[in-house]
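Reckoned from all heavy atoms, side chains included, excluding hydrogens, waters and symmetry mates.
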Amino acid sequence: QVQLVESGGGLVQAGGSLTLSCAASGRTFSSYAMAWFRQAPGKEREFVARISGSLGSVYYQDSAKARFTISRDNAKNTMYLQMNSLKPEDTATYYCAAGSFSSTLVRHYNYWGQGTQVTVSS
């Protein structure tokens with residue numbers, strides 16, 4: 001079992017930056033693949049970025065490439081999403097997720113945080 005708590009969301013102007021954090025409970029954080037998803041009102045939850053457990057290999061949704069950076073600190077049981085050059089279309093609730101293997105699919109992740117709101121004004 002792992003519990004996830006996101007933080008760091010907020011209101012930012014277009015072109016600005018935010019860093020989201022996802023703090024995990026439990027002693028086996030490093031064994032989990034982690035990911036960020038987001039969900040805008042009226043839309044399905046979509047994949048943003050993922051990072052594997054031990055090697056830390058990463059993969060991004062096309063719209064996140066070159067603007068977002070996913071990372072993790074296994075010693076602190078925390079994952080991060082550094083978001084730069086934010087656009088109004090990045091506005092959504094951002095969720096962190098943990099699973100047994102890296103995937104871009106919602107159904108492959110067993111544990112979810114409660115979400116943190118990111119709003120980008122134009």
Task: same_hphob_cluster(Val2, Leu81) at 4.5 Å side-chain heavy-atom cutoff - done: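 Yes; Leu81 is reachable from Val2 via cluster members.
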
- [ ] Could you name each residue pair satisfying side chain to side chain donor-acceptor pair (under 3.5 Å) that touches residues 10-23, not counting sequence neighbours?
- [x]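 Passing the test, one end in residues 10-23: Ser17-Asn84, Thr19-Gln82.
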
TODO: Among residues two or more places apart or on two chains, list those pairs meeting side chain to side chain donor-acceptor pair (under 3.5 Å) that have a residue in residues 97-106.
DONE: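 Non-adjacent pairs meeting side chain to side chain donor-acceptor pair (under 3.5 Å): Ser103-His108.
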
Heavy-atom side-chain contact between [X] and [Y] under 4.5 Å:
| X | Y | value |
| --- | --- | --- |
| Val48 | Phe68 | yes |
| Met79 | Leu4 | no |
| Leu18 | Leu86 | yes |
| Glu44 | Gln39 | no |
| Arg50 | Val58 | no |

Open item on the list: Please report the interatomic distance CG(Asp73) to OG(Ser30), rounded to the nearest 0.5 Å.
Closed with: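 Those atoms lie 11.0 Å apart.
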
Open item on the list: Please report the interatomic distance CZ(Arg38) to CG(Leu20), rounded to the nearest 0.5 Å.
Closed with: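 So the CZ of Arg38 and the CG of Leu20 are separated by 11.0 Å.
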
Task: Chi angles and distances behind the side chain to side chain contact (heavy atoms under 4.5 Å, CB included) call for Tyr111, Gln1 - done: CA-CA 8 Å; Tyr111 304 103; Gln1 287 277 349; 3.6 Å; yes

Task: More than 12 heavy atoms of other groups within 6.0 Å of Gln114 CD - done: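 Yes, the 6.0 Å shell around CD holds more than 12 heavy atoms from other groups.
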
Task: For Phe29 against Arg72, the heavy-atom pair lying closest together - done: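 In terms of heavy atoms, the two residues are closest at O-NH2, 2.8 Å.
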
- [ ] Indicate the atoms forming the closest heavy-atom contact of Met34 with Cys22, along with that distance.
- [x]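 Smallest interatomic distance, heavy atoms only, reads CE-SG, 4.1 Å.
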
Open item on the list: Among residues at least two apart in sequence or on other chains, which ones pass ring-ring contact (aromatic ring centres under 6.0 Å, His included) with Phe37?
Closed with: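 Phe37: ring-ring contact (aromatic ring centres under 6.0 Å, His included) contacts with Phe47, Tyr109, Trp112.
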
List the atom pairs, donor and acceptor, that lie under 3.5 Å between side-chain atoms in residues 115-122 and the rest of the protein, sequence neighbours left out.
unit_1, atom_1, unit_2, atom_2, d
Thr116, OG1, Gly9, N, 3.1
Gln117, OE1, Thr93, OG1, 2.9
Gln117, NE2, Ala92, O, 3.4
Gln117, NE2, Thr119, OG1, 3.3

TODO: Check for a donor-acceptor pair, side chain of Thr91 on one end and backbone N or O of Glu89 on the other, with a separation under 3.5 Å.
DONE: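 Side chain of Thr91 to backbone of Glu89, a donor-acceptor pair under 3.5 Å: no, none is there.
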
- [ ] Answer yes or no on whether Arg45 is positioned over the face of Tyr95, meaning its NZ or CZ is under 6.0 Å from the six-membered ring centre and within 45° of the axis.
- [x]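 Output yes; distance and angle both within limits.
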
Task: N-O pairing of Lys87 and Asp90 below 4.0 Å - done: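 Asp90 and Lys87: not salt-bridged.
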
TODO: Quick one: list whatever passes side chain to side chain contact (heavy atoms under 4.5 Å, CB included) with Ser71, sequence neighbours left out.
DONE: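 By the side chain to side chain contact (heavy atoms under 4.5 Å, CB included) rule, Ser71 matches Tyr80.
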
- [ ] For Lys43, check side chain to side chain contact (heavy atoms under 4.5 Å, CB included) against everything at least two apart and list the hits.
- [x]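 Checked Lys43 against side chain to side chain contact (heavy atoms under 4.5 Å, CB included); matches are Ala40.
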
